[in-house]
Amino acid sequence: MSLAPSAAAANPPANAVVSAAAVDWRSSPPAADYTVDELMIVALSECFVDGDQACNGMASFIPVTAFQLALRTHAPDLVWLAGAVGLDPKPDRVPASTLEAPLWRNSVMYVEQYGDFWTFALNGRWLQKFCVGAAQLDKFGNGNNSVIGADYHRPRVRLPGTAGLGDMGSIGKQLYYWNPNHNPRAIVDRVDFVSCAGWLGGGDERQALGLTGGPELVITNLCVMDFEPTSRHMRLKSLHPGISVEQVQAATGFEVLVPPGAIALTRVPTEHEVHLIRHVIDPDGMRLREFGK
Amino acid sequence: MSLAPSAAAANPPANAVVSAAAVDWRSSPPAADYTVDELMIVALSECFVDGDQACNGMASFIPVTAFQLALRTHAPDLVWLAGAVGLDPKPDRVPASTLEAPLWRNSVMYVEQYGDFWTFALNGRWLQKFCVGAAQLDKFGNGNNSVIGADYHRPRVRLPGTAGLGDMGSIGKQLYYWNPNHNPRAIVDRVDFVSCAGWLGGGDERQALGLTGGPELVITNLCVMDFEPTSRHMRLKSLHPGISVEQVQAATGFEVLVPPGAIALTRVPTEHEVHLIRHVIDPDGMRLREFGK
Amino acid sequence: MAQVKLTSVAEAMTMVGDGDLVAIQNMATQAAPMGLVRELVRQGRRDLGVVCLVGGIPIDWLAAAGCLNRLIGAAVSMEQFGLCQRYRKAVEAQQIRVEELSETALNARLGAGARNLPFLPTRGLIGTDLIAINDNLVMLDDPFGGPPVVACRALVPDVALIHCHRADRYGNVQYEPTALWPDLGIMPKAATRVIVSAEEIVDTDVLRRNPDRTVLPGFMVDAVVEIPWGAHPTSFNPKYGYDTGLHLAWTKAARDDDATAAFLERYVTGPANQAEYLDRVGGASRMAALQRWEITT
Amino acid sequence: MAQVKLTSVAEAMTMVGDGDLVAIQNMATQAAPMGLVRELVRQGRRDLGVVCLVGGIPIDWLAAAGCLNRLIGAAVSMEQFGLCQRYRKAVEAQQIRVEELSETALNARLGAGARNLPFLPTRGLIGTDLIAINDNLVMLDDPFGGPPVVACRALVPDVALIHCHRADRYGNVQYEPTALWPDLGIMPKAATRVIVSAEEIVDTDVLRRNPDRTVLPGFMVDAVVEIPWGAHPTSFNPKYGYDTGLHLAWTKAARDDDATAAFLERYVTGPANQAEYLDRVGGASRMAALQRWEITT
């Protein structure tokens with residue numbers, strides 16, 4: 001038995017791997033052959049920074065690839081809770097499911113869901129950003145995964161259900177919507193049913209209910225949109241290279257706000273980012289499943 | 001890999017040990033040299049039967065010895081949650097603490113307290129009997145472990161605090177009080193402060209608050225008492241051999257109800273029970289600590 | 001230490017009656033008590049309600065077999081294998097009524113049921129349309145003057161169906177280290193009866209080696225049965241992965257009424273026992289592949 | 001993966017300010033973060049509040065050193081070593097104000113604090129005198145028409161002090177299989193800051209071997225320090241038992257003001273670090289005896 005300090009306490013090591021990755025990321029030139037999945041992943045990745053905790057749910061290839069990209073580039077201290085279960089996992093590669101055990105291989109902690117995960121999520125200090133995939137999303141950032149049709153009890157289409165979105169929209173999270181198939185049936189004037197609270201009816205309606213947080217960005221295969229701070233109406237933030245304002249409008253079920261002046265272009269992935277996505281993080285191309293491939 | 005049933009599933013064995021113990025227990029004659037600690041343990045043991053779940057808290061040598069005696073005699077299927085932590089433990093002997101790990105050695109389950117133990121206790125189907133040690137106990141079976149004195153905020157004596165009793169008294173449990181030092185300062189007319197709800201002011205007052213369960217028995221070094229069903233006033237049930245009604249009255253801070261006719265005698269431990277207590281369950285005599293020894 | 005709860009699957013499932021509200025462990029493609037669910041279908045239960053966190057293929061099979069008339073849950077999805085089409089059609093035909101809850105609201109309803117509290121609060125769901133359509137949720141002011149909460153009424157399922165890695169004959173239930181979802185963490189504690197299938201029945205002394213892995217005490221459990229590979233075709237980490245092939249075969253069959261009936265006959269009602277079922281889904285060699293988490297179509 | 005939280009005990013305890021409400025892990029003679037508590041006394045903190053489930057010797061030392069003016073908890077007791085006499089005298093002299101809660105009420109207050117809910121309900125305490133004297137408890141009708149509950153107001157301690165078996169430098173905290181009390185299960189999650197002492201700081205890869213034993217994620221933890229035998233003289237199962245001799249020496253000293261001062265000087269404020277403290281309480285040979293759970297007076 002020893003009364004002396006352990007080696008791990010005495011010798012905090014430099015984190016050499018992280019430093020090397022950071023250098024590569026900063027100096028790498030824009031990629032010539034990136035694809036839109038990679039562009040969306042890079043855009044989402046930029047939203048997650050050191051000090052954040054990120055988690056993901058089902059069928060979330062773009063978020064889990066984005067988190068791993070952030071960890072390998074600008075946000076080495078990002079905390080990732082894979083599948084809302086595995087803390088800081090080391091998966092071999094993005095697997096065929098983002099809610100099965102291969103994603104959270106080699107975790108530091110298995111977070112029990114009922115008591116622990118939801119305590120962390122409700123607390124308000126952790127997991128303050130959440131990525132949302134919704135079947136319907138409206139101009140005020142409300143999400144719908146419940147029903148299509150006017151009557152909840154007589155749905156035209158039964159969607160999967162709100163799962164954790166019905167919580168995440170109401171408990172102060174910054175919401176990041178992603179949609180790889182920007183079309184007027186998915187991005188609509190008003191959702192048929194609010195199963196994830198966004199800016200509700202716009203303006204200060206969300207705030208009046210005592211809710212903090214709210215929708216921040218919408219990242220699609222055409223553009224990035226945010227919400228105008230007063231009206232809380234969806235607004236074009238940047239166009240993906242090669243996409244026009246008209247294409248965005250035609251693919252949207254309402255008139256998107258367009259800020260005056262030149263519209264920014266979404267940043268193109270660097271060669272290093274493309275390399276990481278294609279060859280290190282998701283060599284099997286699971287992210288393409290979100291595009292129906 | 002096998003697709004066949006496991007041996008444990010295919011061959012449920014007879015429980016030979018339990019059967020042997022049951023035979024000894026039934027045929028053993030009354031012991032000539034029992035002591036009052038053993039008498040109290042046997043009396044408490046009889047309250048716990050097959051199908052019950054029992055748990056214990058701090059400084060509970062008489063309950064933990066009683067549970068183990070029941071398990072080895074009339075109640076082989078009793079479930080014991082040692083220290084409200086360890087399910088069906090196999091301690092070597094009663095240790096110096098009834099809330100430290102030696103008591104729950106070799107358990108089947110470690111029950112997590114916050115979520116699991118209190119869920120089991122609150123549910124209403126399990127752990128329906130609870131042994132209470134209280135600094136003060138009154139004629140309606142209310143317990144006090146909080147303060148002595150008229151003003152909670154200016155106590156004459158600060159007692160340890162209610163701990164789990166403030167719950168167990170209110171959530172439908174049958175309460176079994178034990179006290180190895182029956183005296184008029186401990187068994188009083190009215191407790192200074194109700195930190196464990198008994199029959200409250202007597203009569204149907206407890207029921208009127210929507211509470212089920214309530215105090216069942218009081219087992220002391222002089223006698224066993226129950227509560228008269230209408231008034232809920234404490235009542236003599238049996239005298240320990242050699243103790244008179246007058247001795248009980250003199251040791252009690254109010255007039256104990258005495259049923260008409262001959263008073264029953266508390267059953268004397270058998271030789272087998274004394275053997276189990278002295279030589280198998282508690283060979284170090286930890287139970288005597290409750291008597292200041 | 002306790003009563004013997006070990007029995008056969010056929011006997012165990014007679015504890016479920018027509019009309020019962022049945023809580024089913026299952027997270028999309030994970031950890032469903034499929035052996036128990038198939039027996040429910042074989043025994044022809046009707047008018048069942050289901051409680052699930054995120055229900056997958058067991059919900060779709062029960063819907064396809066006409067066993068269900070209501071569901072309380074947070075979602076129904078087979079993740080990569082898409083929506084549960086037979087369930088969806090039955091809901092759209094108003095044959096199944098859905099009480100859709102967020103995860104914290106479902107947890108609160110079950111937590112209140114487990115703890116004999118009339119309700120538990122959440123701050124989820126505020127602002128959504130899910131409160132107004134549900135009599136089991138109501139806004140409640142904070143008695144201390146803080147923000148209001150959503151009170152979620154206690155939910156007590158009639159029975160919970162659980163699958164585990166090992167159990168003893170007294171119903172003590174052990175789980176290997178892996179994800180622990182609320183459908184194991186709280187659902188069985190809320191239910192009036194609990195039926196458990198185990199990959200393996202072991203002697204109690206085996207459980208004593210890892211008391212921290214025991215997740216349900218025997219006194220909560222009414223029946224325990226041994227069903228090796230009992231979660232197939234869902235995954236049961238760390239022992240085995242989900243069966244991609246059988247999920248795909250089902251999603252294909254589910255498009256068509258006749259193919260659905262044939263599938264149910266072949267895989268659900270036809271096999272007389274678990275051994276026959278395992279033969280029909282590929283036997284020991286396929287189980288070995290799933291044990292290696294191979295994605296086999 | 002996260003920020004480095006490893007620091008010295010002296011630096012860590014500067015995160016606790018005079019007047020703070022400090023949640024302290026401790027169940028009678030078990031599992032108290034004694035190395036952190038002694039540093040609080042050495043640094044001369046004043047007007048502290050304590051939150052504890054069942055506080056033992058750390059409460060008595062803090063009371064004896066004049067650090068406390070309030071306590072929120074279910075009980076204060078050293079079990080076989082009796083009541084905490086210095087704490088008791090301070091309460092009777094009205095120097096420490098006590099908010100006494102049942103275990104479910106304390107759990108509800110902390111649970112609400114952890115989950116950012118204004119309150120959580122319990123059905124404990126009904127009928128006792130503990131409700132009327134406490135502004136943080138109020139009877140509340142069930143909005144669904146069932147029985148009333150006791151609403152327990154959210155409690156957010158300023159800081160929680162925790163001891164664990166091992167941690168990494170990022171503050172990921174692991175616990176060996178043993179009793180898991182609410183002061184670890186919920187208390188640190190409710191607190192604004194969390195300071196952890198660990199028997200041993202290990203590489204993160206050591207934690208990955210048993211992810212099911214990690215009880216607090218690093219992102220919840222503000223500082224982690226290595227203090228071997230850091231729970232002494234309380235027990236820290238399975239590594240070591242409580243120190244009967246030091247508990248008895250304390251209960252004897254606590255009867256007398258001078259003896260109390262001498263005891264605090266010798267064991268609490270005097271030793272400059274954990275190594276000196278361990279020397280004074282018997283060094284390696286005594287720790288070896290405690291490791292065997294020997295009862296050594």
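A note on names: the letters A, B, ... follow the listed sequences, proteins ahead of strands, and every chain is numbered from 1. The figures here come from the full heavy-atom set of this structure, side chains too, leaving out hydrogens, waters and symmetry mates.
Of all heavy-atom pairs between C/N107 and A/W118, the closest is ND2-CD1, 3.6 Å. The shortest non-hydrogen separation linking A/V157 to C/R88 is CG1-NH2, 3.3 Å. Between A/A96 and C/Y242, the shortest heavy-atom contact is CB-OH, 3.7 Å. Among all heavy-atom pairs drawn from A/A59 and C/E79, the shortest one is N-OE2, 2.7 Å. Here the closest non-hydrogen pair linking C/E100 and A/S146 is OE2-OG, 2.6 Å. A/D167 approaches C/A105 most closely through the heavy-atom pair OD1-N, 4.3 Å.
At a 4.5 Å heavy-atom cutoff, the contact between A/F193 and chain C is made by backbone and side-chain atoms alike. For C/L53, no part lies near chain A; criterion is any non-hydrogen pair under 4.5 Å. Proximity to chain A (any heavy atom under 4.5 Å) is restricted, for C/E99, to the backbone atoms N, CA, C and O. Only the side chain of C/W293 comes within contact range of chain A, judged by heavy atoms closer than 4.5 Å. Of the atoms belonging to C/V91, heavy atoms from both backbone and side chain fall under 4.5 Å from chain A. For a residue to count as touching a neighbouring chain, one of its non-hydrogen atoms must lie under 4.5 Å from one of that chain's; by this rule A/S107 does not touch chain C. Both the backbone and the side chain of A/L99 come within less than 4.5 Å of a heavy atom of chain C. Only the side chain of A/R289 comes within less than 4.5 Å of a heavy atom of chain C; its backbone N, CA, C and O stay farther away. Residue C/R123 touches chain A through both its backbone and its side chain, counting heavy-atom pairs closer than 4.5 Å. Only the side chain of C/Q94 comes within less than 4.5 Å of a heavy atom in chain A; its backbone stays farther off.
Side-chain contact between C/V98 and A/Y152 is present, with heavy atoms from C-beta onward closer than 4.5 Å.
Checking A/S97 against C/Q80 by side-chain atom types alone, no donor-acceptor pair falls below 3.5 Å.
Of the listed residues (C/V76, C/L125, C/N237, C/T244), the one with the most heavy-atom contacts under 4.5 Å to chain A is C/L125. For chain A, the option among C/G185, C/G55, C/S235, C/P238 with the highest count of heavy-atom pairs below 4.5 Å is C/S235. The residue among C/D183, C/I133, C/L83 with the most heavy atom pairs within less than 4.5 Å of chain A is C/I133. Contact tally against chain C (heavy-atom pairs below 4.5 Å) for A/G169, A/A84, A/P155: the top residue is A/P155. Heavy-atom pairs under 4.5 Å with chain C peak, among A/L165, A/V85, A/T162, at A/T162.
Rounding to the nearest 0.5 angstrom, the gap separating the CZ atom in A/F117 from the OG1 atom in C/T104 is 11.0 Å. Between the CG atom of C/L130 and the OG atom of A/S195 there is a distance of 6.0 Å, given to the nearest 0.5 Å. Rounding to the nearest 0.5 Å places CG of A/N145 at 9.5 Å from OG of C/S77. In this structure, A/R158 CZ and C/Y87 OH are separated by 5.0 Å, a value rounded to the nearest 0.5 Å. Interatomic distance, CD of A/Q113 versus CE of C/M27, reported as 6.0 Å (0.5 Å rounding). With values rounded to the nearest 0.5 angstrom, A/D116 atom CG is found 10.0 Å from C/L180 atom CG.
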A/C196 and C/T128: CA distance, side-chain angles, deciding distance, side chain to side chain contact (heavy atoms under 4.5 Å, CB included) verdict:
CA-CA 6 Å; A/C196 177; C/T128 73; 5.9 Å; no

When you look at A/E100 and C/Q30, which way does the side chain to side chain contact (heavy atoms under 4.5 Å, CB included) test go after all the steps?
CA-CA 7 Å; A/E100 285 274 2; C/Q30 286 171 51; 3.3 Å; yes

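Around the CD atom of C/E294, the shell of radius 6.0 Å holds more than 12 heavy atoms that belong to other residues, nucleotides or ligands. Within 6.0 Å of CZ in A/R125 there are more than 12 heavy atoms belonging to other residues, nucleotides or ligands.
Remark: the backbone N or O of A/V194 is paired with a side-chain donor or acceptor of C/D129 at under 3.5 angstrom.
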